[in-house]
Amino acid sequence: MSVYSKLENKWNRLWQKAGVYEPLLSLPKGKSKSSVIRKPFYNLMMFPYPSAEGLHIGGVRTFSGVDIFGRFKRMQGLDVFEPIGLDGFGIHSENYALKIKKHPMKLAKVTEKNFYRQLGAIGNGFAWNEHLETYDPEYYKWTQWIFVQMFNRGLAYRKKMAVNWCPSCKTVLADEQVISGECERCIANVVKKDLEQWFFRTTKYAERLLTDLEKIDWPEPIKIAQRNWIGRSEGASIKFSITTSQFSIEVFTTRPDTLFGATYLVLSPEHALLRNNGLGVKNYEEVKKYIEKAKSRSLEDRAEAKEKTGVELSGVYAINPANKEKIPIWVADYVLAGYGTGAIMAVPAHDERDFEFAKKYKLPIRQVIAPKFSEIVNPPRPEKSTIHRKTVHVILRRLTDDKILMLQWKGKVWGDNPPRTFIIGGVEDNEDAVKSAEREIWEETGYKNVRFVRKLNFEVHTEYFAAHKDENRYAEINILYFEVDSDDHGEVSSEEIQKHDPVWVNEKEVASFINVVDGPFIWSWFKNGDKAYTSSGATINSEKFSGTDSETAKWEITKFVGGERKTQFRLRDWLISRQRYWGPPIPMIYCPACAEASAGKENAGWQAVPEEDLPVRLPFVKNYQPKGTGVSPLAAQEKFYKVRCPKCKAWARRETDVSDTFLDSAWYFLRYIDPKNKKEIFSKALAKKWLPVNMYIGGAEHAVLHLLYVRFITKVFKDWGVIDFNEPFKKFRTHGLIIKDGSKMSKSKGNVVSPDFYFKKFGADAMRMYLAFLSPLDQGGDFRDAGISGLTRFLTRAKNISKKLARTLKEKLPEDSEIFLHQSIKKITGDIENLRYNTAISQLMMLLNGLEELSTVPWGAYEIFLKLLAPFAPFLAEESYQSFKKNKSFKKEHSIHLAPWPKFDTKKITAADFDMVIQINGRVRATLKASVGINQAAAEKLARADANVKIYLVGKTPRKIIFISNRLINFVV
RNA sequence: GCCCGAGUGGUGAAAUUGGCAAACACGCACGACUCAAAAUCGUGUGCCUCACGGCUUGUGGGUUCAAGUCCCACCUCGGGCACCA
């Protein structure tokens, strides 16, 4: 047994015995105890799901990191509740059991023991009395209870649809558990499978899940991830009638303003109208084949397909309700079944995906939105009339040197700044664009032998005030490209020469040469165009809506075609069933007799297990391996599934799927406050006292998994009146990931760092400090043990300094040490509050360095030092503290961990002097001691007296003197 | 492709939010103690220069008396989302 473990065991025992870390959970009866006045503080670490392999060092860092905060809050006088337990049910545990060929039920016992042993060694102030495990029937009884409530209150339903299926885990998965087409647990490619499953109506809470994000103190990236996941978008649903049938196709679009540009429709392969050829498609065999093929592709395949594919439905057309045009209908798997109506109107000119598809299948592309610019230098004046003109912008390239011809205008043509533009001009009534371009080139530059190459299939609009005509101009710009082989050109009229000079510009400099607002856009579109323009602008080619702002046109066009304004969410309902063994059985019974009576209704024939019959115990099943047939291993257990219907008593069948592990972890924080309650899920009174959680710390990887599910369950509970708050965690912070040799720790890579060895070798105090000192908590880092010795040295010195303690209690610190002590209290307090443990420890080190320089250390200062150290190094701090306190027997109130946190005295924080920096032209030329609060005149005098400063100032009068109080003075010469 | 986050000594990192860049550590070098080593203690340690001094926060430009910090462009790495109409 090492020296460390001896000390650690001693204190763990004494703390446990005295109940140092047990909060006063229940409401006070009477007012005898001092703890009555302590305010509750719920300090929680994201629910761990350990495997039998045990914790790795990264986990330990987070645990101790959370604990440092908890200890700090406890010393600040709060009644800190820091519970611990484990999330042992679920695929992660079961997969591991499968891998090592052990039964998960037996393995859980081993894991639990090992996990609690490891946690016991890291010196955390856990409330061990309230521990819980999700596979404990006393716990999952209530997980099942939640399911029953969900069912009874219409939030759980059964539905057959294409769901995510992991072929490796042999179960379905929720959308959140499919990461880029791969299973969250095993990285296998997920496929779609038609199965009947249980769902929770998370979508009913989409709006609240989104808006309540504003009310919580969470890291912004996590909020962004949730917002994106919920994916609220506003648009319209629009109906397209079909030539061959009375059906119509409804689409959802966020861009109804582009309706006139919709040149075809696309249905997803799973679309209902395709199921039995209800549309009377002539090539149905071909369509069917395509649908089959699309369904068999994995999600990843579908998403990463390099090229979009599709099949046109022949003989069937839709009518564009805006312009009554007959447009083709396609089936393609780039349209998703699960979003909107599973059908889209395709606007290739203004949607990248449609554009790509239209290019491939040669479908028409029609621009209906033009980018619109307003000149910044001379914007249109609202009081003036506006003249609309069709114009051309000509890009002329000289092939001999690859330069582009541009115009440098003279004088105040349009505004104060002479513009630099392409060759521009208006299109006359009797002209086409090419003709007028040729004319403009000739008139403005004298070039005649130019060759027209192409006209961009893209229009740009710009409005400006034309000063010489005293009117606003609205230009509808066509972009034309010409080439010329030589520099031969004719005379330019003097009239034109007065207006502008032609300038040949290098291709690279074109964008910067132009100084009109639309120029750079036109140039870049010319260079990189031939793509969809997806922003807003002015509506064109849209009959009577042409010319309106596209944002306004959105709702006008929707109204015009009888469409409906609609909000869509990307979020989908939570698929809760799992075809696995290691989870809480879903507490439902299917009765064929009852089903007949209520045929056609939602959940027909399904009864919830009566509450008094809960829990539905998970039986010990020897062959627990997943079957892969779409049912769980429990489906082979007749003794389990054969039951009487709770309603009609006929023979019925119990649901054999289990629920998603994420349900277990979605409510655990509520049970912690009352884990032994047999009558109810938890006491409402206790919930009122302890919840919501004050500080929650966990991994960012759960941004849209656990962290979304908990919020959902919390809102549901609030609606049921079980709790009175909407959000589970007021404050949430992420921790960084500890990696090893540049990659995540994993057994397969063989780079897992086990804490056991290090804790034994260096002790919990040194390890806690080392892990905290590494980097700020929210940052990760590469684990290397090189730096541990620094912390070990520090702790040894911290202990040894007690040898220098003053004889009498009255001795005080010298003044400057006293100031530094108070500065340190302030710094450390603030740093811990913000989880910046690394700088807090650095300050502790400086404080110790300072104390070591004294010949004797006053007891008061040492006590403060120990208290500041206590959250980081709980054992050493307690040991040293107690050896001076000399209590006869250790009691709860004796512990340093319940002693009041040191307070700093604001008056003692500022020193009398500071180092004033003297700069000449921003360069430091001297630093001088000056008294705090010195004014500019005095500072200047002091600075000028310095020899080095004199050298730089001799014979010069400063143009400017910048004086920053209590910091610096800068002479600008 | 889109959205975040980050680039600072040999290493982990710090910098009161625009005010002395590299605090605090690790490592390294030298010294003390020691027969010796470890441990411990002391000194030094961004780069160039014998020095005076100059240069330095991914690259280039800008704003400012003053930029790691603000603005523009670009490069690299990490993370998340990914046909969401």
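Numbers restart at 1 for each chain; the letters A, B, ... are given by sequence-line order, proteins then strands. Basis for what follows: all heavy atoms, side chains included, without hydrogens, waters or symmetry-related copies.
- Rounded to whole angstrom, the span from the CD atom of A:Gln919 across to the P atom of B:C20 amounts to 8 Å.
- The side chain of A:Phe773 sits closest to B:G12 out of B:A23, B:G12, B:C3.
- Comparing the P positions of B:U59 and B:G68 gives an interatomic distance of 12 Å, to the nearest angstrom.
- Listed nucleotides B:U16, B:C83, B:A85 differ in distance to A:Ser233; the shortest reach to its side chain belongs to B:A85.
- Remark: the separation of the C1' atoms in B:G10 and B:C47 is 13 Å, to the nearest Å.
- No engagement by A:Glu701 is indicated, since no non-hydrogen atom pair under 4.0 Å with the nucleic acid exists.
- Checking B:C26, B:C24, B:C65 against every side-chain atom of A:Asn970, the shortest atom distance belongs to B:C65.
- On the P atoms, B:C24 is 16 Å away from B:U16, given to the nearest whole Å.
- When each of B:A13, B:G27, B:A23 is scored by its nearest atom to the side-chain atoms of A:Arg793, the top-ranked nucleotide is B:G27.
- Rounded to an integer number of Å, the gap from A:Asp257 CG to B:A85 P is 14 Å.
- For the P atoms, the distance from B:U49 to B:A67 is 26 Å, rounded to whole Å.
- Taking atom CD of A:Glu220 as the reference point, atom C1' of B:G79 lies 16 Å away to the nearest angstrom.
- Of the candidates B:A13, B:G54, B:A85, B:A85 carries the atom nearest the A:Ile344 side chain, counting heavy atoms from C-beta on.
- Here the nucleotide nearest the side chain of A:Ser842, chosen from B:C65, B:C24, B:C81, is B:C24.
- In this structure, A:Gly790 reaches the sugar-phosphate backbone alone: every heavy-atom distance under 4.0 Å involves primed, P, OP1 or OP2 atoms, never a base.
- For the pair A:Glu214 and A:Arg227, the salt-bridge criterion is met [side-chain N within less than 4.0 Å of a carboxylate O].
- Not less than 6.0 angstrom separates the ring centroid of A:Phe199 from the ring centroid of A:Trp574.
- Base orientation of B:U17: syn, since the glycosidic angle falls within 90° of 0.
- Looking only at atom types and distance, the side chain of A:Trp229 has a donor-acceptor partner in the side chain of A:Glu176 under 3.5 Å away.
- Of the side-chain N and O atoms in A:Asn838, none sit less than 4.0 angstrom from OP1 or OP2 of B:A25.
- Each of B:G27, B:C81, B:C20 was ranked by its minimum atom distance to the side chain of A:Val917; first place goes to B:C20.
- Between A:Phe773 and A:Tyr837, the distance from one ring center to the other does not fall under 6.0 angstrom.
- B:G78 and B:U8 have their P atoms separated by 14 Å, given to the nearest Å.
- Nucleic acid contact class of A:Ile962 (heavy atoms, under 4.0 Å, all strands): base.
- Nucleic acid contact for A:Arg227: none, since no nucleic acid atom lies under 4.0 Å from a heavy atom of the residue.
- A salt bridge links A:Lys554 with A:Glu551: at least one charged nitrogen is closer than 4.0 Å to a carboxylate oxygen.
- At a threshold of 4.0 angstrom between heavy atoms, the contacts of A:Thr796 with the nucleic acid are absent.
- In this structure, A:Tyr758 has its ring center under 6.0 Å from that of A:Phe783.
- Rounding to the nearest 0.5 angstrom, the gap separating the CG atom in A:Asp351 from the CD1 atom in A:Ile365 is 11.5 Å.
- Which of B:C20, B:C81, B:A14 sits closest to the side chain of A:Thr839 comes down to B:A14.
- If you check every strand for non-hydrogen atoms under 4.0 Å, A:Asp354 touches nothing.
- Nearest nucleotide to the A:Asp351 side chain, out of B:C26, B:A13, B:A85: B:A85.
- Distance, A:Lys308 NZ to B:A85 P: 14 Å, rounded to whole Å.
- Look at A:Arg923 and you won't find any side-chain N or O under 4.0 angstrom from OP1 or OP2 of B:G19.
- Here, B:C77 and B:U64 have their C1' atoms 31 Å apart, quoted to the whole Å.
- Between B:C20 and A:Arg925, no contact under 4.0 Å exists linking OP1 or OP2 to a side-chain N or O.
- Applying the 90° criterion around 0 to the glycosidic angle, B:G53 comes out anti.
- Distance noted for atom P between B:U69 and B:G19: 11 Å (whole Å).
- In this structure, A:Ile920 places its CD1 atom 16 Å from P of B:C65, rounding to the nearest Å.
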Stepwise side chain to side chain contact (heavy atoms under 4.5 Å, CB included) test for A:Thr927 and A:Met916: CA-CA 5 Å; A:Thr927 51; A:Met916 187 169 70; over 6 Å; no

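- When the P atom of B:C24 is taken as reference, atom CZ of A:Arg797 falls 11 Å away, rounded to whole Å.
- Contact annotation for A:Phe971: no contact, since no heavy-atom pair falls under 4.0 Å across all strands.
- When rounded to the nearest whole Å, the span between CG of A:Leu968 and C1' of B:U16 equals 14 Å.
- Spacing of P atoms, B:G60 relative to B:C65, comes out at 23 Å, to the nearest Å.
- Of the candidates B:C41, B:A82, B:C65, the closest approach to any side-chain atom of A:Trp229 belongs to B:A82.
- Using a 4.0 Å heavy-atom criterion, one finds that A:Ile179 contacts the sugar-phosphate atoms exclusively.
- Backbone-only engagement by A:Arg836 is indicated by non-hydrogen atom pairs under 4.0 Å involving sugar-phosphate atoms exclusively.
- Across all strands shown, B:A38 forms no Watson-Crick or G-U wobble pair with both distances under 3.5 Å.
- Pairing of B:U8, defined by two Watson-Crick or G-U wobble distances under 3.5 Å, is not identified with any nucleotide.
- Using a cut-off of 4.0 Å between Lys/Arg side-chain N and Asp/Glu carboxylate O, A:Asp778 and A:Arg733 are scored as not salt-bridged.
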